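Because the structure is predicted, anything quoted here is derived from the model rather than measured. Chain identifiers are assigned alphabetically (A, B, ...) following the order of the sequence lines, protein sequences preceding nucleic acid strands; residue numbering begins at 1 within each chain.
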Amino acid sequence: MVFDFQEIEKYWKKKWSADLLYKVENTSDRPKYYVLDMFPYPSGAGLHVGHPLGYIASDIFSRYKRMTGFNVLHPMGFDAFGLPAEEYAIATGVHPAVSTRENISRYKEQLSNIGFCFDWSREVITCEPKYYKWTQWIFSLLFEHYYDLDQDKALPIKELTDKFSGGGSKAVNAFSSDAEDFSADEWNAKSAVQKSDILSSYRLAYRRIGYVNWCEGLGTVLANDQIKDGLSERGGYPVERRAMTQWYLRITAYAERLLAGLEQVDWPQSLIAMQTNWIGKSTGATVYFDIDGHDEKIEIFTTRPDTIFGVSFMVLAPEHPLVEKITTDCMKLKVDDYVSYSRTRSERDRLSDVKEVSGQFTGAYAVHPFNGQKVPVWIADYVLMDYGTGAIMAVPSDDDRDYAFATKFELPVVEIIDKSAYPDAQRQDKVGKLINSDFLNGLEVLDAIDTINAKIESSHLGKVRVNYRMRDANFSRQRYWGEPFPILFDSEGVPSVCTVDELPVKLPEVEDFKPTKDGQSPLSRVKEWVNEGDKTRETDTMPAVAGSSWYYLRYMDPGNDEAFASEQALDYWQNVDLYVGGAEHAVSHLLYSRFWHKFLKDLGYLKTEEPFKKLINQGMIQGVIEFVALVKDSDDSNVFYCANLMENKEGEYARIPVHIDFVSQYGSNDSYLDEKGIKSFLEWRPDYKSARFVTQQGKFEASDFMNGKASEVTLKTFSEVGKMSKRYYNVVNPDDVVAEYGADTFRLYEMFLGPIEQSKPWDTQGIEGVSKFIRKFWGLYHDEEKFMLSEDAAAKAELKVLHQCIKKVRDDIGNFSFNTAISAMMICVNELRKLNCNKKAVLEPLVRLIAPFAPFVSEELWKKLDNDSSVHIASYPHFEASYLVEDEIEYPVCVNGKKRFLKSFPNSMSKADLEKEVLTLEELTKWVEGKTILKTIVVPGRMINVVVK
RNA sequence: GCCAAAGUGGUGGAAUUGGUAGACACGCUGGACUCAAAAUCCAGUGCUGGCAACAGCGUGUGGGUUCGAGUCCCACCUUUGGUACCA
């Protein structure tokens with residue numbers, strides 16, 4: 001009987017949605033299970049075949065959990081604020097809200113084709129006012145709280161100010177960026193502006209100066225992503241680091257808890273390692289160095305205070321505020337030059353350039369706190385203003401970069417650690433005995449650190465301190481398409497937050513989506529919005545990470561207008577049991593969500609410490625980018641060359657991406673454009689209408705292809721694995737695959753491609769095999785014309801095949817090994833076909849077994865099996881071990897670890913008997929003749945190894 | 001540069017975590033059915049040598065541990081992701 005997947009899918013899609021099959025309630029007598037996907041950014045290119053990879057995995061798991069007795073929450077929504085929609089608006093004038101809405105409806109339509117069990121009534125869209133109202137509300141709470149170190153949690157600012165007026169700064173043990181000391185009286189006498197300034201070093205959301213990538217040519221701040229080799233990707237204008245006042249979130253207050261929480265979660269080790277490294281906890285000391293002839297001191301942070309007698313120079317970040325003050329007149333020009341130069345360098349360049357060091361002497365000298373020697377103060381861009389204190393003591397003998405610097409600028413290198421006892425030790429290793437170091441001489445490094453730390457503290461030269469590599473998060477964007485801050489400034493510039501009934505602060509309409517000339521957000525042009533009574537609004541907007549930091553909570557109670565979610569809903573769902581998403585979010589999104597979750601817990605809204613209990617990284621499905629080689633002639637006309645003719649000529653041609661629809665043998669090494677392909681390319685890119693083509697068949701004009709005068713001509717293309725993206729014209733739409741093969745096949749195929757966490761380029765080779773499997777599966781239940789099953793009792797062999805499969809599939813789902821689960825199902829169907837099995841006793845459980853993977857075909861068969869309710873709420877088949885018991889086991893017999901022959905032994909035979917028995921085998925004599933048998937190794941049920949010499 | 005991951009047939013991948021390398025699938029080759037094609041079915045398919053039985057080699061490269069290594073250790077090479085304003 002024919003398998004008409006289109007009819008079946010159409011029927012069940014409608015039926016499921018009419019029956020509200022996937023609607024989930026916030027109460028149940030079943031245990032809860034929350035499965036979450038990282039929601040997509042709805043880009044203009046539409047959903048591509050890479051997106052559903054994780055969604056299919058989580059969908060299978062959700063269905064499996066539902067069939068094994070859980071109340072499963074499996075929602076979907078959209079991360080809808082973001083840069084691409086804004087850039088599209090700048091380019092075309094189309095409002096981001098409009099293009100975003102269109103993109104979302106396209107995404108939803110595409111998603112609906114794949115048979116996901118999302119509860120769409122819980123959809124969340126971050127750019128809608130009813131959602132971002134609560135994003136703004138959480139921000140306002142961050143503004144209104146500080147981190148109390150005694151209670152180890154966030155507390156209201158009111159408690160802080162109460163303590164200040166009662167006992168001054170001494171009354172408080174709080175996390176702050178700037179520890180100014182004052183008495184209660186001094187506090188009470190301060191002006192509103194002064195108080196606000198002090199409080200901003202305590203608030204969890206605060207303003208300070210930060211550095212951004214400013215592009216004068218485009219009049220805007222750029223993401224690192226938009227910069228290539230120090231120039232803007234669009235337009236190629238120079239980019240420099242510029243100081244701007246920005247909002248920040250004090251995530252560093254939570255550094256310790258973010259670190260500790262990693263021990264509670266079931267995440268991939270690699271991801272935990274990445275977050276641990278990102279937080280970058282280190283213990284060291286801050287030390288103050290006097291500056292010769294100045295009152296100011298240089299504060300440095302070092303993890304190697306033991307090396308202090310090896311200091312031969314100091315280095316400040318070029319942005320360091322002291323640079324201007326201490327630079328001597330005769331060095332001023334050179335220092336200014338260097339500071340401007342370093343502004344043109346991105347942070348990443350500054351950190352990754354280890355071969356080439358650069359710097360400039362300021363003319364000033366610092367005074368060594370222990371031996372009083374004068375050490376020169378340099379500036380260099382390998383020191384970053386945002387890390388530690390923005391200044392280091394340089395110890396060339398024990399630090400690679402300091403050493404490279406000292407070598408280049410001929411600064412002294414003082415040996416202070418004798419590593420002769422450790423011949424393999426590297427320069428930075430913390431081993432050896434101290435020399436040339438006064439009172440530290442003779443101590444091992446670790447002891448020396450303790451000794452010097454004690455000395456630093458007792459002589460008030462500095463403090464022992466824990467430092468984090470992680471920095472506070474810049475939370476300001478000078479852009480339009482993001483959440484407005486719920487912040488008002490009074491005439492003196494003191495910020496305050498809007499109350500909850502003033503929220504949401506809606507994004508105003510603007511005519512121009514570009515930032516202003518001086519880099520302000522486009523919102524600053526909307527004067528009637530900015531001026532609110534005698535106050536003015538903050539015109540920056542929040543970054544895209546804002547909305548995604550808490551969306552998983554909103555799914556629990558998405559319609560709530562009184563709260564971000566009701567207490568009951570939060571209490572019931574608690575946190576996410578399984579989170580599936582790409583490793584590209586390893587740090588930013590996952591770290592900020594954890595931070596917000598902990599903050600909301602401190603305020604009593606949540607009961608759990610961590611938002612995502614278990615996390616699975618899905619790999620990316622990459623695209624193959626097809627390029628043609630373009631060479632510019634001496635007279636500047638365009639000539640395309642066949643890729644074959646351009647091999648090993650890297651750099652002599654430009655790579656022009658071609659739409660993959662034009663390419664024959666797409667994705668293979670032999671991909672090419674045929675005559676038709678070149679014609680399509682020319683119609684698509686009319687700017688090349690006068691180009692010429694050099695192929696293996698000869699030289700041709702563009703017109704030859706348009707007029708059909710170049711038949712049989714082929715132009716090879718370059719193929720490169722990369723992102724699937726609109727800009728490379730290589731997006732493969734799942735709709736097309738679903739239309740051709742059906743949703744069940746598409747789902748199975750994506751899972752069958754390989755392990756879920758592995759990345760791989762998209763390739764439809766092999767989809768036939770999965771499609772064939774579905775048809776064979778369907779065929780088991782039908783004879784030539786109709787559905788036909790037998791009521792006979794199942795044979796032992798049939799039950800064995802079934803239960804082997806049940807065991808494997810259940811185990812594999814538990815391990816998220818879907819590709820092997822599908823293999824097992826293929827094997828099962830193949831075996832049952834061989835056995836000519838059409839017994840209901842076997843095939844009925846099989847439908848339930850396959851249902852989470854192929855929801856449409858199994859639902860159809862379930863109905864044919866005379867069931868009224870859905871297979872997706874039936875129970876999952878149980879595994880019965882007794883069906884798998886074997887009488888005999890076939891052992892591989894190895895000699896010296898190499899397999900030589902197979903031999904069956906009774907299952908019941910003991911290890912000792914096997915050892916004896918194997919030596920009597922005739923087959924063995926050939927391999928042991930003339931040799932001594934040393935021993936026999938038997939691994940019961942697995943293998944036998946005879947060791948000879 | 002730093003952090004993280006991955007390299008297994010012509011291709012996607014499997015291997016119970018130290019125990020038969022290549023399951024399952026694609027592709028390819030041959031055959032059946034057919035006027036023919038498609039679909040379907042059957043057989044073969046890591047490489048080298050051999051008519052064959054069989055033997056040798058084989059999991060990115062080079063070493064090491066072990067009765068036994070795709071799996072563990074050391075060094076290296078290549079690819080991918082992240083690197084704080086892409087999401």
Side-chain angles (χ1 to χ4, degrees), chain A residues 38-41 43 79 81-84 87 212-213 220-227 246 268-278 280 347-355 386 401 469-479 482 543-545 548 582-589 591 617 619-620 622 668 721-723 725 749 752-755 757-761 763-770 772-773 775 808 811 817 819-820 822-827 830 890-902 934-939 941-949:
Chain A
M38 288 184 188
F39 63 167
Y41 174 78
S43 87
D79 190 11
F81 275 130
L83 212 43
E87 296 207 311
V212 294
N213 300 312
T220 178
V221 175
L222 296 178
N224 281 333
D225 204 69
Q226 298 169 303
I227 304 167
Q246 311 265 329
Q269 268 312 305
S270 59
L271 217 160
I272 291 178
M274 270 194 265
Q275 290 219 345
T276 306
N277 293 333
W278 181 268
E347 212 167 83
R348 201 177 303 173
D349 287 343
R350 286 169 59 167
L351 281 174
S352 48
D353 245 345
V354 287
K355 290 183 194 116
D386 287 325
R401 275 183 306 185
R469 199 186 72 97
M470 178 171 65
R471 313 195 292 247
D472 281 343
N474 180 343
F475 211 62
S476 273
R477 302 290 182 267
Q478 290 71 44
R479 306 218 181 256
V545 80
S548 62
E584 67 272 21
H585 301 279
V587 273
S588 54
H589 160 60
L591 209 54
N617 277 140
M620 296 220 302
Q622 294 148 318
S668 81
V721 171
K723 277 188 177 159
S725 153
Y749 183 58
F752 190 63
L753 274 174
E757 68 278 5
Q758 220 162 84
S759 291
K760 53 234 147 192
D763 183 359
T764 41
Q765 255 193 39
I767 196 168
E768 278 300 336
V770 173
K772 230 183 268 178
F773 160 71
R775 292 198 300 267
K808 180 78 177 143
D811 288 353
S817 178
N819 56 328
T820 52
I822 293 167
S823 291
M825 297 184 309
M826 287 174 167
I827 292 168
N830 288 345
E890 193 174 51
Y891 280 95
V893 180
C894 309
V895 178
N896 287 344
K898 190 146 184 78
K899 186 190 86 177
R900 292 305 179 184
F901 58 91
L902 297 169
L934 297 178
K935 60 176 163 178
T936 311
I937 294 158
V938 171
V939 184
R942 195 132 314 288
M943 53 78 69
I944 299 168
N945 188 21
V946 181
V947 185
V948 300
K949 200 179 174 185

From the options [options], select the nucleotide whose nearest atom is closest to the side chain of [X].
X      : options             : result
A:A223 : B:C26, B:C86, B:A87 : B:C86
A:S270 : B:A5, B:C85, B:C86  : B:A5
A:N474 : B:A4, B:G12, B:C85  : B:C85
A:Q765 : B:C26, B:U16, B:G13 : B:C26
A:T820 : B:C67, B:C86, B:A14 : B:A14
A:I827 : B:A23, B:C85, B:C86 : B:A23
A:N830 : B:G12, B:A25, B:G13 : B:A25
A:K760 : B:C24, B:G13, B:C85 : B:G13
A:K899 : B:A21, B:U40, B:U16 : B:A21
A:I937 : B:A4, B:C67, B:A23  : B:C67

Taking [X] for the side chain and [Y] for the main chain, is one N or O donor matched with an acceptor at less than 3.5 Å?
X      : Y      : value
A:Y891 : A:L902 : no
A:Q275 : A:A586 : yes
A:R477 : A:V221 : no
A:N945 : A:G897 : yes

Does any non-hydrogen side-chain atom of [Y] lie less than 4.5 Å from one of [X]?
X      : Y      : result
A:P543 : A:F81  : no
A:V948 : A:N896 : yes
A:C894 : A:R900 : no
A:Q226 : A:E87  : yes
A:Q246 : A:F475 : no

Discussion item. Is A:R471 close enough to B:A84 that one of its side-chain N or O atoms is under 4.0 Å from OP1 or OP2 there?
Written reply: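 Looking at the OP1 and OP2 atoms of B:A84, neither is under 4.0 Å from any side-chain N or O of A:R471.
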Worksheet item: Quick one: is A:R775 getting a side-chain N or O under 4.0 Å of the B:A39 phosphate, OP1 or OP2?
Response: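 The answer is no; no side-chain N or O of A:R775 sits under 4.0 Å from OP1 or OP2.
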Heavy atoms under 4.0 Å, any strand shown: does [X] hit a base, just sugar-phosphate, or nothing?
X      : result
A:M470 : base
A:L902 : base
A:S43  : nothing
A:V212 : base
A:E87  : nothing
A:P755 : sugar-phosphate

In this structure, how many angstroms lie between the [atom2] atom of [N] and the [atom1] atom of [X], rounded?
X      : N     : atom1 : atom2 : answer
A:L591 : B:A84 : CG    : C1'   : 10 Å
A:F773 : B:C24 : CZ    : P     : 14 Å
A:Q758 : B:A15 : CD    : P     : 11 Å
A:D472 : B:A84 : CG    : P     : 16 Å
A:K808 : B:A23 : NZ    : C1'   : 9 Å
A:K772 : B:C42 : NZ    : C1'   : 13 Å
A:F901 : B:C54 : CZ    : C1'   : 16 Å
A:M943 : B:G19 : CE    : C1'   : 5 Å

Fill in: Closest-nucleotide 5' rank along RNA chain B - winner of A:V946 and A:G82
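Its nucleotide being nearer the 5' end, the pick is A:V946.
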Worksheet item: Which sits closer to the 5' end of RNA chain B, A:N277 or A:I767, going by the nucleotide each is nearest to?
Response: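 Result: A:N277.
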Worksheet entry | Distance-only side-chain donor-acceptor flag, A:N617 / A:E757, under 3.5 Å |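 A:N617 vs A:E757: no donor-acceptor pair found between side chains.
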Worksheet item: Would you say the side chains of A:T820 and A:S817 form a donor-acceptor pair under 3.5 Å?
Response: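 Per modelled atom types, A:T820 and A:S817 side chains form a pair under 3.5 Å.
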Please state the [atom1] separation for the pair [N] and [M] - nearest whole angstrom.
N     : M     : atom1 : result
B:G1  : B:G56 : P     : 44 Å
B:U34 : B:C47 : C1'   : 38 Å
B:C33 : B:G9  : C1'   : 32 Å
B:A5  : B:C74 : P     : 13 Å
B:U29 : B:C35 : P     : 24 Å
B:G12 : B:U65 : P     : 34 Å
B:U8  : B:C3  : P     : 25 Å
B:G58 : B:G63 : P     : 11 Å

Discussion item. Is it the case that B:C85 (base atoms only) and A:Q478 (side chain only) share a donor and an acceptor within less than 3.5 Å, ignoring hydrogens and angles?
Written reply: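 Such a pair is found, so the answer is yes.
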Fill in: Polar side-chain contact A:R942-B:U20 base: donor and acceptor under 3.5 Å
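For A:R942, whose side chain was compared with the base of B:U20, there is no donor-acceptor pair (under 3.5 Å).
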Fill in: Range-with-range stems for RNA chain B, at least three Watson-Crick or G-U pairs under 3.5 Å
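Ordered by first number, the stems with RNA chain B (at least 3 consecutive pairs each) read B:1-7 with B:77-83, B:10-12 with B:24-26, B:27-32 with B:40-45, B:46-49 with B:54-57, B:60-64 with B:72-76.
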Discussion item. Does B:G44 count as syn, meaning its glycosidic angle lies within 90° of 0, or as anti?
Written reply: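 B:G44: anti glycosidic orientation.
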Discussion item. I'd like to compare against my own output: the B/S/- annotation of nucleotides 68-83 of chain B with a strict under-4.0 Å heavy-atom distance to protein.
Written reply: S-----------SBSB
Worksheet item: Looking at A:V946, A:I944, A:V947, which one forms a side chain to side chain contact (heavy atoms under 4.5 Å, CB included) with A:I937?
Response: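 In the set A:V946, A:I944, A:V947, the residue that makes a side chain to side chain contact (heavy atoms under 4.5 Å, CB included) with A:I937 is A:V947.
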Worksheet entry | Ion pair A:K899/A:E890, N-O distance below 4.0 Å |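 A salt bridge is absent here (no side-chain N lies under 4.0 Å from a carboxylate O).
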